[in-house]
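Some notes on the structure that comes next.
Sequential numbering from 1 along the given sequence is applied to the chain's residues.
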Amino acid sequence: MSKRESGPGPLLSTIASVGHHVTDALQRLGFASRFFVMLLLWSGQSFRRPNLTIREIYYSGFQSLLIIMVSGLFIGMVLGMQGYETLQRYGSADALGILVALSLVRELGPVVAALLFASRAGSSITAEIGLMKATEQLTAMDMMAVNPIARVVAPRFWGGVISMPLLAALFSATGVFGGYLIGVVFIGVDEGAFWSQMQASVDFRYDIWSGIVKSFVFGVAVSLIAVFEGYDAVPTAEGVSSSIKSTVVKSALAILALDFVLTSFMFREAG
């Protein structure tokens, strides 16, 4: 048999494989977009029962509070030590409060809090919805004329969206306290200079507001990925496990990519 008759070559096979993956990705993106639109449309029905959303704020937000605050405290303490070590070389140790506050409010607070939220709450949301699908609870709701998106998905989505900015704010506040603990209490930086320079340099519009916007966008992204991966999970133990892993990986990549995009626009506005 000649080479021409032996079937497609490796180049054509590679092109076909790439095309197959691209079409699958586009199809999944279209399904995710349609899912997001349906989620928004059915959210009104979900808001008529606010206890559902409040319960999810408790599970997603309050139960993530410990890891958020402990992580924020230690990151603030590390910033205090590293910042003092750097600033004292240039005779600017009193500016430690500015360094700690701006680092946390602008970047580390929203980003690290979102990564922790995705790992703790996002994976839990995916696992819960995925297991409900595997045990056919979502199908049973549909058969009883109860929309699973309005009853199960929407409260978890909005619970995550509401919780994320609050967690990021607490993360930043705890981090500032950690920087104060190391810089002022243990190292001996002047307390008045620490707080006064921080208050004079941190601007609400360009610093605090940008952190709020970032944390809100991250909350939408992480919550949407978590509920979609759970709702679209293959109804098997392996499928749910794969969806949980996909939630954590995709959420981390989405947070870092969105952080770059948002920072680019915010720096442009500040300039």
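A distance of 9.5 Å separates CG of Leu41 from CD1 of Ile149, quoted to the nearest 0.5 Å. Rounding to the nearest 0.5 Å places OG of Ser241 at 7.0 Å from NZ of Lys245. Atom CZ of Phe74 and atom CD1 of Ile182 lie 9.5 Å apart (nearest 0.5 Å). To the nearest 0.5 Å, the span separating CZ on Phe157 from CG on Leu40 amounts to 6.5 Å. For the atom pair CD1 (Ile57) and CD (Gln63), the distance works out to 13.0 Å, reported to the nearest 0.5 Å. Remark: Ser124 OG to Ile129 CD1 distance equals 9.5 Å, nearest 0.5 Å.
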**side chain to side chain donor-acceptor pair (under 3.5 Å) between Lys133 and Thr139, worked out** = CA-CA 7 Å; Lys133 183 177 182 180; Thr139 305; over 6 Å; no
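In terms of modelled atom types and a separation under 3.5 Å, the side chain of Ser201 and the main chain of Met198 share no donor-acceptor contact. Within the 3.5 Å criterion, the main-chain N or O of Arg106 finds a donor-acceptor partner in the side chain of Lys214. With hydrogens and angles ignored, the 3.5 Å screen pairs no side-chain donor or acceptor of Ser246 with any backbone N or O of Ser242. Panel note: side chain Ser210, backbone Asp207; a donor-acceptor pair is recorded below 3.5 Å.
For Trp42, the CH2 atom sits in a loose shell: 12 or fewer heavy atoms of surrounding residues, nucleotides or ligands are nearer than 6.0 Å. Within 6.0 Å of atom OH in Tyr59, 12 or fewer heavy atoms from other residues, nucleotides or ligands are found, so the atom counts as exposed in its surroundings.
Considering only heavy atoms from C-beta on, Phe216 comes within 4.5 Å of Val220 through its side chain.
Between Phe228 and Phe36, the ring center distance fails the sub-6.0 Å criterion.
Residue pairs meeting the salt bridge (Lys or Arg N to Asp or Glu O under 4.0 Å) criterion with at least one member in residues 146-170, sequence neighbours excluded, are Glu56-Arg156, Glu128-Arg156. Pairs of residues two or more places apart, or lying in two chains, that qualify as salt bridge (Lys or Arg N to Asp or Glu O under 4.0 Å) and include a residue from residues 218-244 are Arg28-Glu229, Arg28-Asp232, Glu229-Lys250.
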